[in-house]
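From a predicted model like this one, the values you see are computed outputs, not experimental measurements.
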Amino acid sequence: PNQGLFICKVKQSVISVTGKINTIVIDNVEGSGIIFDDVISTVEVINSKKVQLQANGAVPAISIDKTAGATVFLQTHASQSASIVTSLSSEINVTIPGKTDEDDATEIAVPQQFISKLVNGKLVTTPSEHV
């Protein structure tokens with residue numbers, strides 16, 4: 001598939017993408033959900049607020065940039081191997097299903113705050129952990 005999808009300036013909507021697609025770009029979207037099957041390349045979210053992404057198939061990479069509030073639902077084992085890259089974003093969570101249908105889903109927060117230290121002449125950065 002050579003198709004790409006560009007979703008721009010959408011508010012309070014749900015968009016469902018069925019089948020296999022090359023890439024999905026989501027720009028300036030607010031309060032909306034995007035549900036998709038297989039993505040060959042990347043799902044990219046830019047300049048958005050309160051978006052939900054639901055991956056029902058394979059997706060190698062998800063990029064979230066300049067976004068406030070995003071929840072990424074990785075529904076399948078194939079989607080759970082995705083790399084998630086965030087930059088200049090806040091309130092990003094990843095949700096995976098429970099081990100069985102009876103178990104609750106697990107929500108994992110993507111760190112927003114980091115600690116950098118010089119160790120043996122190299123800068124080592126780790127997520128800040130709050131108790």
Side-chain angles (χ1 to χ4, degrees):
N2 293 335
Q3 296 89 10
L5 178 62
F6 185 74
I7 301 167
C8 186
K9 296 182 181 178
V10 172
K11 290 187 178 184
Q12 307 298 323
S13 300
V14 175
I15 297 170
S16 183
V17 182
T18 56
K20 191 178 278 191
I21 191 164
N22 191 35
T23 186
I24 301 173
V25 177
I26 300 150
D27 185 9
N28 201 10
V29 169
E30 188 173 336
S32 296
I34 293 86
I35 303 165
F36 53 90
D37 293 337
D38 295 313
V39 176
I40 296 169
S41 179
T42 306
V43 173
E44 187 174 357
V45 181
I46 313 162
N47 299 320
S48 296
K49 295 178 184 173
K50 297 181 182 174
V51 295
Q52 293 185 339
L53 306 176
Q54 182 174 316
N56 292 334
V59 55
I62 297 171
S63 171
I64 301 172
D65 188 24
K66 298 177 189 166
T67 295
T71 303
V72 180
F73 295 90
L74 301 175
Q75 299 297 98
T76 63
H77 290 291
S79 65
Q80 291 170 19
S81 63
S83 296
I84 300 171
V85 178
T86 61
S87 126
L88 301 172
S89 296
S90 61
E91 306 164 49
I92 310 298
N93 293 298
V94 176
T95 302
I96 56 174
K99 293 188 190 294
T100 68
D101 290 341
E102 306 295 317
D103 294 335
D104 290 337
T106 302
E107 186 171 75
I108 306 157
V110 174
Q112 298 181 156
Q113 190 172 33
F114 300 90
I115 299 171
S116 297
K117 293 182 183 179
L118 252 144
V119 179
N120 299 325
K122 293 187 178 184
L123 193 64
V124 176
T125 302
T126 56
S128 174
E129 295 185 25
H130 299 284
V131 179

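- Hydrophobic clustering (side-chain heavy atoms under 4.5 Å, transitive across Ile, Leu, Val, Met, Phe, Trp, Tyr) groups Ile15 together with Val29.
- Ser89 places a side-chain N or O within donor-acceptor distance of the main-chain N or O of Thr67, the cut-off being under 3.5 Å.
- Between Gln112 and Glu91, the closest side-chain pair of non-hydrogen atoms falls below 4.5 Å.
- Residues Leu53 and Ile24 form no side-chain contact, since every pair of their non-hydrogen atoms from C-beta on lies 4.5 Å or further apart.
- A distance-only check finds a donor-acceptor pair linking the side chain of Gln80 to the backbone of Leu74 [under 3.5 Å].
- How far CD1 of Ile34 is from CD of Gln52: 9.0 Å, rounded to the nearest 0.5 Å.
- Note that the CD1 atom of Ile7 and the CD1 atom of Ile26 stand 5.0 Å from one another [nearest 0.5 Å].
- The side chain to side chain contact (heavy atoms under 4.5 Å, CB included) test with Thr86 is passed by exactly one of Val110, Val45, Val72: Val110.
- The backbone N or O of Gln3 sits nowhere less than 3.5 Å from a side-chain atom of Asn22 that would complete a donor-acceptor pair.
- At least one donor-acceptor pair closer than 3.5 Å links the side chain of Ser13 to the backbone N or O of Lys11.
- Phe73 and Val43 are not part of a single hydrophobic cluster, where members link through side-chain heavy atoms under 4.5 Å apart.
- Residue Thr125 holds its OG1 atom at 11.0 Å from NZ of Lys117, rounded to the nearest 0.5 Å.
- Judged by distance alone, the side chain of Thr100 and the main-chain N or O of Glu102 form a donor-acceptor pair under 3.5 Å.
- Looking at Ser90, its side chain never comes within 3.5 Å of a backbone N or O of Ala68 through a donor-acceptor pair.
- Atoms CD1 and CD1, on Ile84 and Ile108 in that order, are 8.5 Å from each other to the nearest 0.5 Å.
- Follow the hydrophobic side-chain contacts under 4.5 Å out from Ile96 and you reach Ile62 in the same cluster.
- Contact record, Ser41 with Thr23: CB-CB, 4.5 Å, taken as the closest heavy-atom pair.
- Side-chain contact, Ser87 with Asp65: a donor N or O sits under 3.5 Å from an acceptor N or O.
- Connectivity analysis of hydrophobic side chains (ILVMFWY, heavy atoms under 4.5 Å, direct or indirect) links Val25 to Phe6, Ile46.
- Taking 4.5 Å as the limit, some side-chain heavy atom of Phe36 sits within range of a side-chain heavy atom of Val59.
- Ser32 places a side-chain N or O within 3.5 Å of a backbone atom of Gln12 that can act as its donor or acceptor partner.
- Closest approach of Ser79 and Gly57 over heavy atoms only: CB-O, 3.1 Å.
- Applying the 4.5 Å side-chain rule to ILVMFWY residues, one finds Val119 in the same cluster as Val124.
- Between Asn56 and Thr76, the shortest heavy-atom distance links the atoms O-CG2, 3.1 Å.
- Note that CG of Asp27 and SG of Cys8 are 4.5 Å apart. Values are rounded to the nearest 0.5 Å.
- Of all heavy-atom pairs between Ser116 and Leu123, the closest is CB-CD1, 3.9 Å.
- Rounding to the nearest 0.5 Å places CD of Glu44 at 10.5 Å from CD1 of Ile64.
- Thr95 and Ala105 get closest at one heavy-atom pair: CG2-CB, 3.8 Å.
- Residue Asp37 comes nearest to Gly19 through the heavy atom pair OD2-N, 2.9 Å, listed as atom of the first residue, atom of the second, then distance.
- Note: the hydrophobic cluster containing Val17 also contains Val10 (ILVMFWY, side chain heavy atoms under 4.5 Å, direct or indirect links).
- By the neighbour-count criterion of 12 heavy atoms within 6.0 Å, atom CG of Asp104 is sparsely surrounded, having that number or fewer from other residues, nucleotides or ligands.
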